Amino acid sequence: MERYNIKLIEKKWQNIWLKEKTNASILNKNKKKFYCLEMFPYPSGKIHMGHVRNYTIGDVLARYKKLQGFNVLHPMGWDSFGLPAENAARENNLHPKIWTRKNIQTMKKQLKLLGLSLDWDREISTCEPEYYKHQQEFFIELFKKKLVYKKDTYVNWDPKEQTVLANEQVIDGKGWRSGVVVERKKLSQWFFNIKKFSQDLLDDLNKLKNWPDKVKLMQKNWIGKSFGCEINFQIDKKNSKEKIKVFTTRPDTIFGASFIALSIDHPIAKNFENNKNFQDFKLKCSKTGTTEEALAIAEKIGFNTDLFVQHPLKKETKLPIYIANFVLMDYGTGAIFGCPAHDQRDLDFANKYKLNVLPVVRPSDVDPASFKISNEAYTGDGILFNSDFLDNLTVSKAIEKAIKVITKKKFGEKKITFRLKDWGVSRQRYWGCPIPIVYNSKGKALPVDKKDLPILLPEDVDLNLKGNPLAKHPTWKFTKLSSGEKVIRETDTLDTFVDSSWYFLRFCSPKYEKYGYESKDINYWMPVDQYIGGVEHAILHLLYSRFFMRALAYNNKNFDYTEPFESLFTQGMVCHETYKNEFNQWLYPDEIEKKSEGNFVTKKDKKKVIVGPSESMSKSKKNIIDPEEMINMYGADSIRWFMLSDSPPERDVQWSQEGVSAAFKFIQKLWRLNNEILEKKESTSDSEDINLKKAVNKTVYRVTKNLENFQYNVVIANLHEIYNLFCYHIANNKTSNQTMKNEWEKITMLLMPLTPHLAHECCTKTNKKFYWPKFDSKLLKEQNCKIVIQVNGRKRGILELPLNSKETLVITKSKKIDNVSKYLTDVSIVKNIYIKNKLINFITKNE
RNA sequence: GCCCUCGUGGUGAAAUUGGUAGACACAAAGGACUUAAAAUCCUUGCCCAUUAGGGAGUGCCAGUUCGAGUCUGGCCGAGGGCACCA
């Protein structure tokens, strides 16, 4: 029998698909569309197993939908602006454009080897002017809608390299190249006003029925709507009417307030700029990183302003004003009142500066006199005390009443605040989309005329200079308006998240020159019916894309999309064991060999290898497997099959060589069985035709259902089972040839989305049209069912009875089973629980 | 530190959503075929029992229930995100 020649057959079909443009999607209003999108890759060099998994999952869905008759859009492109290109450029002295294009070429070739049903005619690359010129136009539109503005914010500043660092370039507070302690520096930067849509972005999470709950919850927490109260504190200074406005979610604890803390960026802090102690304090603060994590774990420190405010409800009490490193200007009003007894941060701060700690909430079962706070704040629910008119109320009632009184006395009001911050889009980097803004001699920012787009990146750039490459370019930033007025270009580029916030629109009209998308295209294809990608994008990328849709729709009658992704699926990572040599250096899996179970040595000098835990594949730990090498060895179908078979797609999968090789063997088995069935000549009995038909019908039902639910690993198990059954039937000659062939054909159709090359090859001999088999729900019904017999909840036997048997019959039959009756003698049956067609449970009592 | 998720045999996992735990695979051990190897096929799989059968058992501890992998509370462990990696 002919052996299945992977290389030949996979190449053959890939060529046919390419030649016949099988995967090209054309707008067709008479056909129901399905837009299947996987997150496009960053062209980092070669594809990795994470890509293989992501795109295999997507391809299964796309092929399945196509077989079902949908008009499928399944495009691919490149998220090709970004930091690594600049790093690579510096290391290899290669222009980012060349490096990026070369990587794209390599990765495209590799993706094609996988046999993905991608429409390559729609390929886009965000670093090309054909893409980013539309993004520049969007920026100008947003600017004109006042959804873009400039403000000062902090960046990580490397004082030695004179450059802004990304968070990942800051390691233990130091620059990754310079090793110098990184400082926080204020820069004027561009922002998208995402905060404006906070409520909308939160509300519409409810519309996303087919998104994982965990992603929606993460976004909800990220937006972070909180209900609270603004309170004005009068500064205690002669002839001063100056007030400090604070925001709090716990107005109930107002009687426990013992200090006021201001953000270092609060307007009042400006008054201390010439104070030596304040300068020292500021310097100290500037050593803390810019990430939320860094701020959260940093020691709480403050600067005493020697100013006081009057407590609005306690005449005799004045509270000191501090400037503190844990208060953020971005959140609330940039000022808080500290209630140390009921907030851990406030307590740490109060203990450090010897401030008053007055508890005002106690657990309901604790005596007020004995309730003390020392090192742990009490943040739970309870009863108010030490709080005048709030005494004896619960926390929630006290919050209500406090807000009422504060409003009535006119020193504050109820207020809703969001944690979500505006999106900073400025980057002081070369390899990004230039921001289409110029500044006139007065420093006024003006949008560039549409006719002058795209603003092209200069090709001749020196990335070895310190600082912002575009700003350092000798001529690029100098330009003129059409009036002849001299202006200077914005030298910041856009965050690459902007590129990926609308690429799914571009895929609908990839070649349209006039605008970023064409209405007739997006009206047909949008929204994305299924979006698939890594869970690491659960918040930022997805939230920014949701924002971008709203920003485009804002004051725009011709665009009414709000939610870009109808359904979302987040897949897990691909993991592999890690290996180190005796010098604690990472080793690649192909540098080692197995001696015995769990015992590995280096191939080169047979030295002992230390096996570490299985972790997400990453270049830094060298626990990577090259997909192209694997495809060469086992073929794309085997790799696809393995990727889907071992773990549910949403969970992490362990790469296993045995697993791939088992997949490879199974592909061979399927091929052999296919030929055996098709070539079978001798006449056989048809005694079990109906059983095979029923089993195949059930398989069709299960595979369809499991595909819909992304339970691809179960689909594989279903197919294994039906394969085993076919083997049994063919070995025992119990099915007629015709039935065998008809039923097998359905199985080959079920294989189409998973192993497209093999499945197509199997069908060449029958020359049938491709289709998705339908199941007969009548044939799914069994006449009999198995009923579990329990005594006191323990299984003691099983009965096979007709469906819907009466309880009395089940009881009688059960008692006749020896292993059941022996547990029913010498006891009385208190009651029995009968679940129709499932189980009967006898509850007994000793006599 | 904050937010989120996950935890089932030696391994990856399945379980009609509260009703037979371990389907389907991988690995291992034993066997068949073979001069041998490869390939292929069969059997086994925690504890007690020759068998029939029984017991323990879904990270740990409690709880709800006739019945819990599934629901509730607490604990432990692993992973993801934290706004300039993408």
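It should be emphasised that the depicted structure is a prediction, and the values quoted were computed from it without experimental measurement. All chains are named by letter (A, B, ...) in the order of the sequence lines, taking the proteins before the strands, and each is independently numbered beginning at 1.
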Inset, instruction - Let me have a per-nucleotide readout for nucleotides 16-24 of chain B, 5' to 3', with B, S or -, counting only protein heavy atoms under 4.0 Å. - result: ---BB--BS
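- Within the nucleic acid shown, A/K300 has no heavy atom closer than 4.0 Å to any nucleic acid atom.
- Sequence neighbours left out, not one pair with a member in residues 76-89 of chain A passes salt bridge (Lys or Arg N to Asp or Glu O under 4.0 Å).
- A/H537 comes within contact range of at least one nucleobase, with a heavy-atom separation under 4.0 Å.
- Backbone-only contact: A/R796 has heavy atoms under 4.0 Å from sugar-phosphate atoms and none from a base.
- Ionic pairing of A/D348 and A/K300 is not present here: no N-O contact between side-chain nitrogen and carboxylate oxygen is shorter than 4.0 angstrom.
- Judged as a side chain to side chain donor-acceptor pair (under 3.5 Å), and not counting sequence neighbours, the contacts of A/Y154 are A/D265.
- Residues A/E168 and A/M573 both approach RNA chain B. Their nearest nucleotides, taken by heavy-atom distance, put A/M573 toward the 5′ side.
- Of the side-chain N and O atoms in A/K665, none sit less than 4.0 angstrom from OP1 or OP2 of B/C41.
- Glycosidic conformation, B/U17: syn, with the torsion inside 90° of 0.
- Comparing B/G53, B/A86, B/U5 by their closest approach to the side chain of A/K214 singles out B/U5.
- For the contact set between residues 647-662 of chain A and RNA chain B, defined by any heavy atom under 4.0 Å, the members are A/S647, A/P648, A/R651, A/D652, A/E658, A/A662.
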Collect all protein-nucleotide pairs involving nucleotides 74-76 of chain B in which both atoms are nitrogen or oxygen and the distance is under 3.5 Å.
none

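- Within 4.0 Å of A/W222, counting heavy atoms only, lies at least one base atom of the nucleic acid.
- Applying the salt bridge (Lys or Arg N to Asp or Glu O under 4.0 Å) definition to pairs two or more places apart or across chains, none involves residues 163-174 of chain A.
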Inset, instruction - Evaluate the ring-ring contact (aromatic ring centres under 6.0 Å, His included) criterion for residues A/Y503 and A/F40: first the C-alpha distance (whole Å), next the side-chain angles of each, then the deciding distance (0.1 Å), finally the verdict. - result: CA-CA 9 Å; A/Y503 77 108; A/F40 66 163; 3.7 Å; yes
